[in-house]
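The shown structure was predicted, so the numbers you read here are calculated from the model rather than taken from an experiment. Numbering of ligands and ligand atoms starts at 1, following listing order. We number each residue from 1, following the sequence as shown. Excluded from the calculations below are hydrogen atoms, water molecules and symmetry mates; all remaining heavy atoms, backbone and side chain alike, are included.
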Amino acid sequence: NWTNNDSRVSREHNDEGLRAVALESTDVDGWDDYDTVFIGYPIWWGIAAWPMSSFVAVNDFTGKNVVPFCTSLSSGIGQSGKLLAELADAGTWLDGQRFSHSSSEADIASWVNGLNL
Ligand SMILES: Cc1cc2nc3c(=O)[nH]c(=O)nc-3n(C[C@H](O)[C@H](O)[C@H](O)COP(=O)(O)O)c2cc1C
């Protein structure tokens with residue numbers, strides 16, 4: 001609950017040192033075979049939800065096209081994709097796209113098709 005200052009996510013927001021969230025798994029089957037990777041996440045306080053950082057930091061994006069996309073209540077994608085790209089330090093990262101709760105399947109298909117991947 002991000003409106004409760006004592007919640008786990010609020011404590012992590014207030015203290016960057018608490019954000020190194022251990023994930024159940026960071027492995028992706030056949031990772032080496034993918035040349036394009038979509039990285040999707042909710043926006044938390046203007047940046048990518050930090051569990052995504054734990055995933056990006058340990059996977060090798062060398063030679064991959066990476067497409068960040070996010071959901072949010074109102075914030076834009078901002079610097080969130082760029083920050084993940086810096087963390088990955090490899091791969092070709094596109095600008096990315098933000099979707100609101102009202103985005104339709106057609107909106108998303110149109111975006112994906114427009115990427116000309
Ligand atoms: C901890 C937390 C922080 C959030 N911060 C923002 C924010 O800064 N800007 C915004 O527009 N939405 C914010 N939201 C709303 C989420 O981006 C929104 O709930 C999410 O994109 C929808 O996906 P979900 O169903 O996984 O929550 C926040 C939500 C949470 C839980």
Side-chain angles (χ1 to χ4, degrees):
N1 181 354
W2 60 314
T3 63
N4 175 350
N5 209 35
D6 288 329
S7 69
R8 173 181 168 177
V9 79
S10 294
R11 282 185 277 113
E12 290 172 353
H13 176 239
N14 294 332
D15 179 355
E16 208 167 324
L18 298 175
R19 294 186 199 171
V21 176
L23 302 178
E24 285 289 324
S25 170
T26 53
D27 297 333
V28 176
D29 285 346
W31 177 254
D32 292 345
D33 299 333
Y34 289 97
D35 52 18
T36 299
V37 177
F38 285 75
I39 297 279
Y41 48 86
I43 292 287
W44 286 356
W45 285 285
I47 61 172
W50 36 90
M52 186 51 75
S53 300
S54 302
F55 175 83
V56 166
V58 299
N59 280 289
D60 183 5
F61 291 83
T62 304
K64 299 189 189 303
N65 292 314
V66 192
V67 192
F69 68 99
C70 68
T71 55
S72 74
L73 285 178
S74 60
S75 301
I77 194 165
Q79 297 293 305
S80 63
K82 287 193 175 62
L83 291 171
L84 291 173
E86 282 172 22
L87 192 60
D89 199 26
T92 303
W93 289 66
L94 277 61
D95 283 343
Q97 180 71 36
R98 175 254 174 183
F99 293 99
S100 72
H101 74 281
S102 60
S103 301
S104 66
E105 195 169 336
D107 293 334
I108 292 162
S110 156
W111 169 64
V112 171
N113 291 331
L115 293 171
N116 295 316
L117 295 170

Handout entry: Polar contact flag, side-chain donor to acceptor under 3.5 angstrom, Ser104-Asp107
Key = yes
Exercise for the section: Could you tell me whether Trp44 and Trp2 have their ring centroids closer than 6.0 angstrom? Expected result: no
Fill in the blank from the handout: Pocket residues around ligand 1 (non-hydrogen, under 4.0 Å) come out as Trp2, Val9, Pro42, Ile43, Trp44, Trp45, Gly46, Thr71, Ser72, Leu73, Ser74, Ser75
Practice task
For the pair Trp111 and Phe69, name the ring-plane relationship: parallel under 30°, tilted 30 to 60°, perpendicular over 60°.
Solution key: tilted
Practice task
Run through the side-chain heavy atoms of Ile, Leu, Val, Met, Phe, Trp and Tyr, join any pair under 4.5 Å, and report what else lands in Leu18's cluster.
Solution key: none
Practice task
State, without any angle test, whether Thr62 and Asp60 hold a side-chain donor-acceptor pair at a distance under 3.5 Å.
Solution key: yes
Exercise for the section: Mind running salt bridge (charged side-chain N to carboxylate O under 4.0 Å, His left out) on Lys82 and Glu86 for me, showing each step along the way? Expected result: CA-CA 6 Å; Lys82 287 193 175 62; Glu86 282 172 22; over 6 Å; no
